[in-house]
Every structure is written in structure tokens, then in C-alpha cells.
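Computation of the quantities below employed the complete heavy-atom set of this structure, encompassing side-chain atoms and omitting hydrogens, waters and symmetry-equivalent molecules.
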Amino acid sequence: MRIIAVMNQKGGVGKTTSTINMGAGLARLSQRVLLVDLDPQAHLTYSLGIAAHQLTSTLYEVLKGEQSMADCLQHGDGLDIVPSSLSLSGADIEFSGLPAREFLLQKALKKLPEYDFVLLDCPPNLGILTINAMTAAKEIFVPMQAEFLALQSMGKLYETVELVRRGLNTELEVTGILATRFSRRKKLNREVMKKIGEYFGDKVFETPIRENVALAEAPSFGKDIFSYRPKSSGAQDYHRLCSEILKRG
């Protein structure tokens, strides 16, 4: 089972869109996939058409030890989802006094049925929820826009990974960097991609995700890109990316 934390320094919807479409693409390649929404804003949950504010079984109840992950699984189009909750917004304070608080997610994942991939959609900050993801995962995927500011933020991410490696999870490493909103017509995008390749080598996926309006539209319909626009360039790119992920694995 490959447990992958999907994160970037900017956070936001772009990262969540990547998590959803990677999960959906892998499921369409006959993989058993679980998505876990760790973001209190519940962007992943809402983007898949699940009303997070109406749920009584979410990751919040799991981390508190009141329910198991199996109790709160939502079944989507070919994949399973553990939804988030606004209640997680107080996790840094609420869980601060718990013993082994960095291992709450890892403990919960051990009680799940076997999956081929578990994708953890991380919050945009480096609080207790992100630390839980980095402790439970062995890999980190980083979706990043092909621009220089995103490239500069990678240094801080690597510092955090190294801290977690030393103190909590010696197996953790960044294994995939994904360029998003890419356009070959833009000189800046091409230059940034060249720099990314120079710095990170084979950690960079060969498949960039091109700019595509359908990728931005799909969440408003509660769908992944394959369900929303299966013939779009976004669907083509994520299919190629998921094939690359399997090939690398």
C-alpha cells in the first residue's frame, strides 16, 4: 500500500484538484484508491459533491478516537473518501495534549482494508494535521505551478521533511513533483520547468498538467476531470500522469 501525502507550500484548490484527479485516474487503471481529506476547509470533500457540513462521521471523529475510518468512508466514482470537517480547524489546540498525537492518522490507517494507494490531501499549513500526514506517509507528491515563487517555496518544504525524517518517520521522502497550469507557449513556464529539472532531477514527473478550464470547472459539479470532461486535455494529462506513477512504482 502506497501512502502518499499530497502537499505544497501554497496549499489551496490546485493541490486538492491534483489529489482528486490522481486518485480518479489511478482508480480507472484498476487501482484500489482511498482519498483522505485532512484540510479543515474540506475542499476535497466538497469538490466530490459531498456536503461536509451535513456529515456526522468524518476524519475529526476518527482522530478523536470516537469512530474508525471504516465508519466514515464515503464511496465515490471508483474510489473511497474519508471526508473532512470544519471541526478539524481546532486540531492544533485540541489534540496538543494527546499522547503520540503525531501518530493519530497512522494508527487509524492501520485498521483499514488494503488499498493500492492512499492519497492524503494536506492542509496549506504545517500544523498537527500535516505532521500526521507526513508521519503516516512514505512519499510526498508536490503539485506546483510552473512559476518562480512556487519554486522558491520548495526549500522550506524540504526543511520540514528533513525534520520529520529525523524525529518521526525515517522513510519519508519527496518522490514526485508535478508541474501544474503549464503552457508550452509561455517562456516563463518553460524556464521554470528547466530549473525544476536541474534541482530535482528524476523526482519531477515527465507529464506536466496543462492549463485547462475544465479542471477548474469540475469541482463545482462535484466531479473529477474524467467524469466531467473525459476528452479534455486535463483528463489526458492526468491519465498519462497516473500511468507514469504506476510505471515508477
Side-chain angles (χ1 to χ4, degrees), residues 1-29 31-50 52 58-59 69 73-85 88 105 109 115-126 129-130 132-134 136-145 150 157 174-181 205 207-209 212 214-228 234-235 237-246 248-249:
M1 180 165 67
R2 292 178 64 178
I3 303 177
I4 302 167
V6 184
M7 57 188 297
N8 60 16
Q9 291 302 93
K10 290 192 173 183
V13 178
K15 166 186 57 63
T16 298
T17 297
S18 295
T19 306
I20 291 170
N21 292 318
M22 282 190 291
L26 289 166
R28 280 163 172 76
L29 293 172
Q31 302 299 298
R32 294 163 295 178
V33 180
L34 173 68
L35 305 182
V36 182
D37 189 354
L38 284 106
D39 192 338
Q41 299 176 93
H43 284 163
L44 183 146
T45 303
Y46 283 115
S47 294
L48 287 171
I50 302 168
T58 69
L59 184 64
M69 276 202 174
L73 284 180
Q74 299 279 324
H75 303 287
D77 186 12
L79 42 76
D80 292 342
I81 304 104
V82 175
S84 184
S85 164
L88 283 172
L105 179 62
L109 287 171
Y115 287 91
D116 297 304
F117 286 86
V118 178
L119 302 182
L120 310 175
D121 190 59
C122 297
N125 57 51
L126 293 173
L129 295 172
T130 300
N132 262 262
M134 297 173 79
K138 291 187 178 181
E139 303 178 61
I140 295 176
F141 283 0
V142 186
M144 58 182 288
Q145 294 183 24
L157 175 60
V174 176
T175 59
I177 296 174
L178 170 64
T180 63
R181 299 187 66 179
F205 287 115
T207 307
I209 305 301
N212 178 218
L215 288 171
E217 293 173 345
S220 65
F221 291 88
K223 295 181 177 182
D224 60 75
I225 190 61
F226 301 97
S227 301
Y228 179 64
D237 290 346
Y238 274 104
H239 175 76
R240 284 194 291 267
L241 172 66
C242 290
S243 298
E244 186 179 348
I245 291 171
L246 291 180
R248 285 190 180 197

Can you measure from [atom1] ([X]) to [atom2] ([Y]) and round to the nearest 0.5 angstrom?
{"X": "Ser243", "Y": "Leu29", "atom1": "OG", "atom2": "CG", "value": "5.0 Å"}
{"X": "Asn21", "Y": "Leu26", "atom1": "CG", "atom2": "CG", "value": "11.0 Å"}
{"X": "Leu126", "Y": "Met134", "atom1": "CG", "atom2": "CE", "value": "7.0 Å"}
{"X": "Met1", "Y": "Lys138", "atom1": "CE", "atom2": "NZ", "value": "9.5 Å"}
{"X": "Phe117", "Y": "Leu79", "atom1": "CZ", "atom2": "CG", "value": "13.0 Å"}

Side-chain ion pair, Arg248 and Glu244, N-O less than 4.0 Å: yes
Leu35 vs Asp121, side-chain contact (heavy atoms from CB on, under 4.5 Å): CA-CA, chis, key distance, verdict: CA-CA 7 Å; Leu35 305 182; Asp121 190 59; over 6 Å; no
Leu38/Leu88 under side-chain contact (heavy atoms from CB on, under 4.5 Å): CA gap, chis, key distance, verdict: CA-CA 8 Å; Leu38 284 106; Leu88 283 172; 5.8 Å; no
By side chain to side chain donor-acceptor pair (under 3.5 Å) - contacts of Arg28 (at least two apart): Asp77, Ser227
Derivation of the side-chain contact (heavy atoms from CB on, under 4.5 Å) call for Leu44 and Leu48: CA-CA 6 Å; Leu44 183 146; Leu48 287 171; 3.9 Å; yes
Short side-chain donor-acceptor distance under 3.5 Å, Tyr238 and Ser18: yes
Exam field: side chain Thr45 to backbone Ser84, donor-acceptor pair closer than 3.5 Å: yes
Considering all heavy atoms, the nearest Met7-Cys122 contact: CB-CB, 3.9 Å
Results of ring pair (Phe, Tyr, Trp, His ring centres under 6.0 Å) for Tyr228 - residues two or more places apart only: Phe221
Pairwise side-chain contact, Leu119 with Arg2, heavy-atom cut-off 4.5 Å (strictly under): no
Residue that, paired with Phe205, satisfies side chain to side chain contact (heavy atoms under 4.5 Å, CB included) out of Ile177, Ile245, Thr175: Ile245
